[in-house]
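Read the structure below first, then the notes.
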Amino acid sequence: MEEGTYVEKALSELKFAARAYRDLKQRPKAFKQLIAYKPVITKLVNDPVFFAVLMCGDNWLIDAPNHQKLLQDQSPRQVAVCGRGWEKA
């Protein structure tokens, strides 16, 4: 896959970003090359879900919309009360 296409796909698809983390974990030079792109840096800073998936390998977030919503909430005062059925990971 072409490098530009790879970067665009990693930016647009969360599942692909999770796979990129898994694949590039064994190739640190390629991983550094991916996160050197300006759009990737910008998305890492602005999107906590993308950061968690690409940098931490938290691929369970892909299928957890409630958790994504909680991470992306930018309100200054926020409390998360997670009951028994909230699927904590």
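Remember, predicted model here, so these are calculated numbers, not experimental data. Numbering starts at 1 and runs along the sequence shown.
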Original post:
Do Tyr21 and Val7 share a hydrophobic cluster, counting only Ile, Leu, Val, Met, Phe, Trp and Tyr and linking them when any side-chain heavy atoms are less than 4.5 Å apart?
Top reply: no
Original post:
Do you reckon Trp60 sits in the same ILVMFWY cluster as Leu71, going by side-chain contacts under 4.5 Å, direct or chained?
Top reply: yes
Nearest atoms (heavy-atom pairs only) where [X] meets [Y]:
{"X": "Tyr6", "Y": "Ala20", "value": "OH-CB, 3.4 Å"}
{"X": "Phe50", "Y": "Ala17", "value": "CE1-CB, 3.9 Å"}
{"X": "Leu61", "Y": "His67", "value": "CD2-CB, 3.6 Å"}

Which value, rounded to the nearest 0.5 Å, describes the distance between [X] atom [atom1] and [Y] atom [atom2]?
{"X": "Lys15", "Y": "Asn59", "atom1": "NZ", "atom2": "CG", "answer": "10.5 Å"}
{"X": "Lys29", "Y": "Leu24", "atom1": "NZ", "atom2": "CG", "answer": "13.5 Å"}
{"X": "Ile35", "Y": "Met55", "atom1": "CD1", "atom2": "CE", "answer": "4.5 Å"}
{"X": "Arg19", "Y": "Lys9", "atom1": "CZ", "atom2": "NZ", "answer": "6.0 Å"}
{"X": "Leu54", "Y": "Leu11", "atom1": "CG", "atom2": "CG", "answer": "9.0 Å"}
{"X": "Asp23", "Y": "Leu34", "atom1": "CG", "atom2": "CG", "answer": "11.5 Å"}

**OP:** Go through the structure and list residues passing ring pair (Phe, Tyr, Trp, His ring centres under 6.0 Å) with Phe51, not counting sequence neighbours.
**Re:** none
Subject >> Within residues 34-50 or reaching into it, pairs that qualify as side-chain hydrogen bond (donor to acceptor under 3.5 Å, both in side chains) - sequence neighbours excluded >> reply: Glu3-Tyr37, Asp47-Gln72
Original post:
Who pairs with Thr5 by side chain to side chain donor-acceptor pair (under 3.5 Å), at least two apart in sequence or on another chain?
Top reply: none
